[in-house]
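Fair warning: this is a prediction, and the values are worked out from it, not measured in the lab.
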Amino acid sequence: PVPYGPCLLSDTMCKRARFNALRTAEIAAIWREVLETTTIKREVVVVLSTWVHAGAQYVHELLRFNSTSAAASGRSADALGVTAYFGIDKLGPRVDSTFASGKSVDDVFALLWQDALAWPDANLAEIKTAAASYGVRLQTYEAGPGMVQDGVIGGGGATAAVTELLVATARDQRMRE
């Protein structure tokens, strides 16, 4: 991307945040231009996406860079969309191919409450503060926690028993509560 200054993140995370911010600003500008030439005349709401375990430092970089990238279009993001993933990185227990062995949906909820939710709650408070400092509202992204086996998002394979257990958990009434 364009020269911007020092980044407090790792090189990989910095590139990820800046690319996300830059492409979001570019795509928003395209949609605004397209909708200006139609009879629809709808407002474009720009939502930058992130995940709860990215943390406040990542969000600051994302929003700082988006504000700079969006200068040409006159506006940065309207909202920061945040999602949570269960079983990725530090977020809860490892969700590997043996995860489903002997577990029920009740067991998965117990793990969610015990391990996976306390840490994101703390991060979410920091993310909310970071977003507010840029005048950006916070909203959910993907409408809830992403429940996937480790490595699936990164291109790895899934195990049928694990997928079935996580789908059953995601569909459980308690997930709505």
Problem - Which residues share a side chain to side chain contact (heavy atoms under 4.5 Å, CB included) with Glu33, sequence neighbours left out - result: none
Handout entry: Interatomic distance, Asp172 atom CG to Phe109 atom CZ [nearest 0.5 angstrom]
Key = 4.0 Å
Handout entry: Reported NZ-to-CG distance for the pair Lys15 and Asn20, which is rounded to 0.5 angstrom
Key = 16.0 Å
Fill in the blank from the handout: Between the CG atom in Leu22 and the CZ atom in Phe65, the distance rounded to the nearest 0.5 Å is 5.5 Å
Problem - Heavy atoms from other residues, nucleotides or ligands near NZ of Lys128 exceed 12 (cutoff 6.0 Å) - result: no
Problem - Interatomic distance, Thr159 atom OG1 to Leu165 atom CG [nearest 0.5 angstrom] - result: 11.5 Å
Handout entry: Heavy-atom pair of closest approach, residues Cys14 and Leu9
Key = N-CB, 3.9 Å
Completion exercise
Cluster membership besides Val34, Ile/Leu/Val/Met/Phe/Trp/Tyr side chains within less than 4.5 angstrom, sorted by chain and number, is Ile30
Exercise for the section: Calculate, to the nearest 0.5 Å, the distance between atoms CE and CG belonging to Met13 and Leu62 respectively. Expected result: 10.0 Å
Exercise for the section: Apply side chain to side chain contact (heavy atoms under 4.5 Å, CB included) to Ala79 and list each qualifying residue two or more places apart in sequence or on a separate chain. Expected result: Val47, Arg137, Gln139
Completion exercise
d(Thr24 OG1, Leu48 CG) to nearest 0.5 Å is 4.5 Å
Exercise for the section: Kindly write out the residues that satisfy side chain to side chain contact (heavy atoms under 4.5 Å, CB included) with Thr12, not counting sequence neighbours, or none if the list is empty. Expected result: Ser10
Handout entry: Listed partners of Asp106 passing salt bridge (charged side-chain N to carboxylate O under 4.0 Å, His left out), at least two apart
Key = Arg174
Handout entry: Under the side chain to side chain contact (heavy atoms under 4.5 Å, CB included) test, residues paired with Thr163 that sit two or more places apart
Key = Ala158, Val167
Exercise for the section: Would you kindly say whether Asp107 and Ser104 are connected by a side-chain donor-acceptor distance under 3.5 Å? Expected result: yes
